[in-house]
Amino acid sequence: MMNTKIQDAISFGIEELVDMQLQSGEFIYRTGSGVPTPDNRYNILRHSGAIYSLADCYAFAKKPLNQKIQQGINWVSKDHLRVFLHEDDWMLAVASDDRMAGSFNSFKLGGSALYLSAISLAAEKGLAKFPEDLVRRIGEFLLYMQKDDGGFHSKIYRRSKKINTKFVSLYYPGEAALALTFLGEQNPKGPWFRAAVNSLMYLARLRKGRRNVELDHWALIATAKILDSKFDISQFERETILNHMEQIVQSIINEADNLSQDGCCTGDGRTCPTATRLEGLTSVYELLLSLQKNPLVDRVRELIEEYTLFLLDAQYSGGYRKGGFSRSSVKWLRDNKVAPDRRSDEVRIDYIQHAICGLRGALEII
């Protein structure tokens, strides 16, 4: 019974995401009573995240997704993919400027990393195509942004080549590690996999000894993929990466113990944080099981079930938004007598992305 509900929720989520995609491949970024008309905001990273989720969950679609995924990939390639010159070589990067600015002068690491993961996952599943040489050129930009210690710069300006040191993103290193692992699988002799491992090792060093660390679901997803790969890493690296994974998982549990209410990890009705926690926990659940990390595993399973039920209740079950996930769960707000704010009914592509990917992971466990 539960499995059927989860499968239906993923299918309806896919349908809503597809309905939010225009013929050009671009998405309607968000809808809701508080969204201005016209809405000039568009987040290119979340566009790629939406494509990634369609590839990740394609098996639950009622109609083929090949064309929709290809259109989404092509739109970025045409409108946002730009050449980045360095000495005598050239790379490709996804321009992250606001689309209304028109200058396309800034590149953020996460925009290129998640686009690369979306392309790679779609190609791996036979859902879309993209020239291999151009994929490598995007990967080279990720390497260019990586520091000697394994960390990354988050933002650079195209013309001046100046790094924006003030802009730092929590999720970009994990997203980059995932993308580089995809590249490593495609080209085992290249520098990609080593760069991915170095990224996670940097994060592990950065967070070592802390009781509560950043709730980095992308690092968990990358960890699962790296440790599931056929590449050799040293025992020290493996243990360090696993300890870092356990740190993040324990921090998610600590958050739940302090804030969670009726399945909402933040205790305020918002859906996206709970969905990202679910993505992270489900991605490493099998690893935790194999390591016999009890009672950690038991608590993680409890949270997976709680977060899954919360998201199932939060999804719109009818009307023109059927399948969508709003910023806040209408049911949770009503049950907990919390008044909605002007953004509570906002449906955004990444809310759907994270929810269906998290539910897809939960389906393999519950």
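Side chains included, hydrogens not; waters and symmetry mates left out as well; all remaining heavy atoms used.
Heavy-atom neighbours of K147 NZ from other residues, nucleotides or ligands within 6.0 Å: above the threshold of 12. In D133, the CG atom is crowded: over 12 heavy atoms of neighbouring residues, nucleotides or ligands sit closer than 6.0 Å. The number of heavy-atom neighbours closer than 6.0 Å to NZ of K5, taken from other residues, nucleotides and ligands shown, is 12 or below. Residue E302 places its CD atom among more than 12 non-hydrogen atoms of other residues, nucleotides or ligands, all under 6.0 Å distant. When the shell of 6.0 Å around CD of E124 is examined, it contains more than 12 heavy atoms from other residues, nucleotides or ligands.
Using a cut-off of 4.0 Å between Lys/Arg side-chain N and Asp/Glu carboxylate O, D298 and K293 are scored as not salt-bridged. Ion pairing of E15 with K62 is present here, as a side-chain N (NZ or NE/NH1/NH2) and a carboxylate O approach within less than 4.0 Å. We find that R342 and E346 are not joined by a salt bridge, their nearest charged nitrogen and carboxylate oxygen being 4.0 Å or further apart. Using a cut-off of 4.0 Å between Lys/Arg side-chain N and Asp/Glu carboxylate O, D345 and R327 are scored as not salt-bridged.
The two atoms that bring L170 and D216 nearest to each other are O-OD2, 3.8 Å, heavy atoms only. In terms of heavy atoms, G324 sits closest to V347 at CA-CG1, 4.5 Å. When all heavy atoms are compared, the tightest approach of R82 to K78 is NH1-O, 3.9 Å. Closest approach of L45 to G110, counting heavy atoms only: CD1-C, 3.4 Å. For L54 against L65, the heavy-atom pair with the smallest separation is O-CD1, 3.6 Å. For the residue pair L303 and L281, the shortest heavy atom distance occurs at CB-CD1, 4.1 Å.
Not a single side-chain hydrogen bond (donor to acceptor under 3.5 Å, both in side chains) links S48 to another residue, sequence neighbours left out. Checked against side chain to side chain contact (heavy atoms under 4.5 Å, CB included), L143 has the following partners two or more places apart in sequence or in another chain: Q146, L180, P191, W192, A195. Partners of Y157 according to the ring-ring contact (aromatic ring centres under 6.0 Å, His included) rule, which considers only residues two or more places apart in sequence or in another chain, do not exist here. Partners of H354 under the side-chain hydrogen bond (donor to acceptor under 3.5 Å, both in side chains) rule, at least two apart in sequence or in another chain, are E279. Qualifying ring-ring contact (aromatic ring centres under 6.0 Å, His included) partners for F193, counting only residues two or more places apart in sequence or in other chains: F231. Checked against side-chain hydrogen bond (donor to acceptor under 3.5 Å, both in side chains), S229 has no partners two or more places apart in sequence or in another chain. For the ring-ring contact (aromatic ring centres under 6.0 Å, His included) test, residues two or more places apart in sequence or in another chain that qualify with Y144 are F84, H86. Every side chain to side chain contact (heavy atoms under 4.5 Å, CB included) that Q70 has, sequence neighbours left out, goes to I73, N74, A128, K129. Judged as a side-chain hydrogen bond (donor to acceptor under 3.5 Å, both in side chains), and not counting sequence neighbours, the contacts of R210 are E214.
The main-chain N or O of G72 is found under 3.5 Å from a side-chain atom of H47 such that the two form a donor-acceptor pair. Under the 3.5 Å distance criterion, the side-chain polar atoms of W332 are matched with a main-chain donor or acceptor of Q261. In terms of modelled atom types and a separation under 3.5 Å, the side chain of R270 and the main chain of C265 share no donor-acceptor contact. S251 places a side-chain N or O within 3.5 Å of a backbone atom of V213 that can act as its donor or acceptor partner. Using a distance-only test at 3.5 Å, with no hydrogens or angles considered, no donor-acceptor pair links the side chain of S120 to the main chain of F182. In terms of modelled atom types and a separation under 3.5 Å, the side chain of K337 and the main chain of R334 share no donor-acceptor contact. Side-chain atoms of Q315 come within 3.5 Å of backbone atoms of A9 as a donor-acceptor pair (strictly under, hydrogens ignored). A side-chain donor-acceptor contact under 3.5 Å links N105 to the backbone of R159. In this structure a side-chain-to-backbone donor-acceptor pair under 3.5 Å is missing from Q21 to E26. Looking at R136, its side chain never comes within 3.5 Å of a backbone N or O of L183 through a donor-acceptor pair.
Counting heavy atoms from C-beta on, the side chains of M2 and L309 come closer than 4.5 Å. Here the side chains of F60 and D8 are not in contact, with every heavy-atom distance at 4.5 Å or above. By the 4.5 Å heavy-atom criterion applied to side chains, M20 and R30 are not counted as neighbours.
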Please report the C-alpha distance between S24 and Q71 in whole Å, then the side-chain angles of each, then the deciding distance to 0.1 Å, and finally whether the side-chain contact (heavy atoms from CB on, under 4.5 Å) criterion is met.
-> CA-CA 7 Å; S24 64; Q71 286 173 339; over 6 Å; no

With salt bridge (charged side-chain N to carboxylate O under 4.0 Å, His left out) as the test, would you mind laying out the steps for R299 and D257 before giving the verdict?
-> CA-CA 10 Å; R299 183 65 178 123; D257 292 343; 3.0 Å; yes

R348 and D350: salt bridge (charged side-chain N to carboxylate O under 4.0 Å, His left out), yes or no, with the steps?
-> CA-CA 6 Å; R348 211 167 65 186; D350 56 315; 2.7 Å; yes

Mind running side chain to side chain donor-acceptor pair (under 3.5 Å) on R46 and Y29 for me, showing each step along the way?
-> CA-CA 9 Å; R46 290 169 181 156; Y29 177 55; 2.5 Å; yes

Any chance you could lay out the side-chain contact (heavy atoms from CB on, under 4.5 Å) test for I28 and Y42, step after step, and finish with the verdict?
-> CA-CA 9 Å; I28 298 171; Y42 200 80; over 6 Å; no

Could you go step by step and tell me if N164 and I156 meet the side-chain contact (heavy atoms from CB on, under 4.5 Å) rule?
-> CA-CA 6 Å; N164 185 331; I156 192 170; over 6 Å; no

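L363 CG to I304 CD1: the interatomic distance, rounded to the nearest 0.5 Å, is 12.0 Å. Residue L242 holds its CG atom at 8.0 Å from OG of S290, rounded to the nearest 0.5 Å. Interatomic distance, CG of D19 versus CZ of F27, reported as 11.0 Å (0.5 Å rounding).
Within the structure, the side-chain hydrogen bond (donor to acceptor under 3.5 Å, both in side chains) test picks out the following pairs touching residues 230-240 (sequence neighbours left out): R194-E237, S234-E237, Q235-E239. Residues in residues 109-118 take part in no side-chain hydrogen bond (donor to acceptor under 3.5 Å, both in side chains) pair, two or more places apart or across chains. Note on residues 266-287: no pairs pass ring-ring contact (aromatic ring centres under 6.0 Å, His included), not counting sequence neighbours.
There is a side-chain donor-acceptor pair under 3.5 Å between R207 and H244. With 3.5 Å as the limit, one finds a donor-acceptor pair spanning the side chains of D341 and S344.
Seen from the ring of F12, K322 counts as a face-on cation partner, given the 6.0 Å and 45° thresholds.
Proximity of the aromatic rings of H153 and F167 is defined here by a centroid distance below 6.0 angstrom, and this criterion is not met.
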